[in-house]
2 protein chains.
Amino acid sequence: MIKLSKKIEYGILALQYIAVHSDKIVSAKEISEQMGIPYEFLSKTLQQLMKKGLIVSQHGIKGGYILGKNANDMTVKDIIIALEGKASFLDCFVSSNGLICDRSPNCTIKDPMEKLQSKVMQVFNTTTIAEIATI
Amino acid sequence: MIKLSKKIEYGILALQYIAVHSDKIVSAKEISEQMGIPYEFLSKTLQQLMKKGLIVSQHGIKGGYILGKNANDMTVKDIIIALEGKASFLDCFVSSNGLICDRSPNCTIKDPMEKLQSKVMQVFNTTTIAEIATI
DNA sequence: TTAATATCCGACTATTGTAATCCGATTTTA
DNA sequence: TAAAATCGGATTACAATAGTCGGATATTAA
Ligand code: FES
Ligand code: FES
């Protein structure tokens, strides 16, 4: 299905929440309760975003998260890459030589599909958290 | 993952093949062998495309498939809808009232996400089989 | 210094969706 | 009437997603 995973959905919700409440540090618990996201799963997701630098964490009591970079420079594509490692329509496209499936290198859809993908990726790459946060 | 399913991949490959060989009737077996797609699975996929009118079938020996409408009027979105029933980023977006999840109706990402989705769908909806077939 | 509250991390489980297969019926042509 | 094709339901196998559990570590405040 051409559907965004729950992890991506939660990630966007969380980043939006952190962006909107940028005056303070926000805990996973607070986001979980306010947005109705399973706490444990959200924690994992936030840790992934932290590892990729999208957010910065603060340990201990009174701890939590703040944005790791400007919301204007944080795109939906960044979030997908941070949480799923890649953003590719077909498996073939991941490898550099494109020789994963037995159809290549004489594949008849590779070029047009890559073109389609790059158009979609451009949409993802030009939609920022700042844009999503300011409704 | 933001990945197209094998069914969609096979569907596009098959429609492209049928479009390219529009001078004759093409059997599932031929597509299966030429494109390296599991025969049974492909058959199911072609039957779905047939039900939605994207292709027209011919029973019996010397039977097979031809396009059901002009390749210029057949978009990637049509194919996704035909094979997966919908093309939606979040489950919430499917229902008309948008009241599936407990976040709505006060959801903070619904509007911006729908906007993002419509941009992506426009890409899918302006990419045709004709475009994919003529590399 | 210690209790409370938070992030961190690996492993595990449950559920769902995808991909593929099996078997038989029906239709058409040679 | 046999061969070759589409049809269609049911079933299975596998993979990805979604969620949970238990415990370690860090920080702050009492
Ligand atoms: S290279 Fe794998 S489907 Fe085209
Ligand atoms: S309405 Fe469900 S996530 Fe927004």
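Letters A, B, ... mirror the listed sequences (proteins, then strands); counts begin at 1. In this text the structure is predicted, and so the values were computed from the model without any measurement. The figures that follow rest on heavy atoms only: side chains count, while hydrogens, waters and symmetry mates do not.
- Counting any heavy atom pair closer than 4.0 Å across all strands shown, Lys3(B) reaches no nucleic acid atom.
- Mapping Lys51(A) and Ser5(B) onto DNA chain C via the closest heavy atom, the residue that lands nearer the 5' end is Lys51(A).
- The number of heavy atoms from other shown groups lying within 6.0 Å of NZ (Lys62(B)) does not exceed 12.
- With 3.5 Å as the limit, one finds a donor-acceptor pair spanning the side chains of Thr75(B) and Asn125(B).
- Rounded to whole Å, the distance from CD on Gln47(A) to P on dA6(C) is 15 Å.
- The distance from atom CD of Glu40(A) to atom P of dT7(C) is 11 Å, rounded to the nearest whole Å.
- Rounded to an integer number of Å, the gap from CG of Leu42(B) to P of dA19(C) is 14 Å.
- The residue Tyr39(B) sits close to a base: some heavy atom pair falls under 4.0 Å.
- Put simply, the side chain of Lys44(A) and the base of dG10(C) share a donor and an acceptor less than 3.5 Å apart.
- Spacing between atom CD1 of Ile66(A) and atom C1' of dT7(C) amounts to 14 Å, rounded to whole angstrom units.
- Proximity of Leu90(B) to Ile109(B): side-chain heavy atoms (C-beta onward) are separated by under 4.5 Å at one or more points.
- Protein chain B contacts DNA chain D from dA4(D) to dT17(D), reading 5' to 3' and using non-hydrogen atoms of the protein with a distance under 4.0 Å.
- A donor-acceptor pair under 3.5 Å is absent between the side-chain atoms of Ser88(A) and the main chain of Asp91(A), judged by distance alone.
- A donor-acceptor pair under 3.5 Å links the side-chain atoms of Ser32(B) to the main chain of Ile37(B), judged by distance alone.
- For Ser27(A), the listed nucleotide lying nearest its side chain is dT7(C); candidates were dA19(C), dT18(C), dT7(C).
- Distance, Ile37(B) CD1 to dT18(C) P: 18 Å, rounded to whole Å.
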When you look at Ile79(B) and Ile129(B), which way does the side-chain contact (heavy atoms from CB on, under 4.5 Å) test go after all the steps? CA-CA 9 Å; Ile79(B) 300 168; Ile129(B) 280 293; 3.7 Å; yes
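- Atom NZ of Lys115(B) sits in a sparse spot, with 12 or fewer heavy atoms from other residues, nucleotides or ligands closer than 6.0 Å.
- Between Phe124(B) and Phe89(A), the ring planes lie tilted relative to each other; the angle falls in the 30° to 60° range.
- Considering only side-chain atoms of Lys29(A), the nucleotide from dA6(C), dT21(C), dC9(C) that sits closest is dA6(C).
- Atoms NZ (Lys6(A)) and C1' (dT15(C)) sit 14 Å apart, rounded to a whole Å.
- Every residue was checked against the salt bridge (charged side-chain N to carboxylate O under 4.0 Å, His left out) condition with Glu84(B), not counting sequence neighbours, and none meets it.
- OP1 or OP2 of dA6(C) has not a single side-chain nitrogen or oxygen of Ser57(A) nearer than 4.0 Å.
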Tabulated below should be each protein N or O lying under 3.5 Å from an N or O of nucleotides 28-30 of chain C; please produce it.
from: dT28(C); atom 1: O2; to: Ile61(B); atom 2: N; distance (Å): 3.2

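- If you measure from atom CZ of Phe41(A) to atom P of dA11(C), you get 18 Å, rounded to the nearest angstrom.
- Between Lys110(B) and Glu114(B) there is a salt bridge, since at least one side-chain N of the basic residue sits less than 4.0 Å from a carboxylate O of the acidic one.
- Computed from coordinates, the Glu84(B) CD to dT16(C) P distance equals 18 Å when rounded to whole Å.
- In this structure, Tyr65(A) reaches the dC8(C) phosphate: one of its side-chain N or O atoms is under 4.0 Å from OP1 or OP2.
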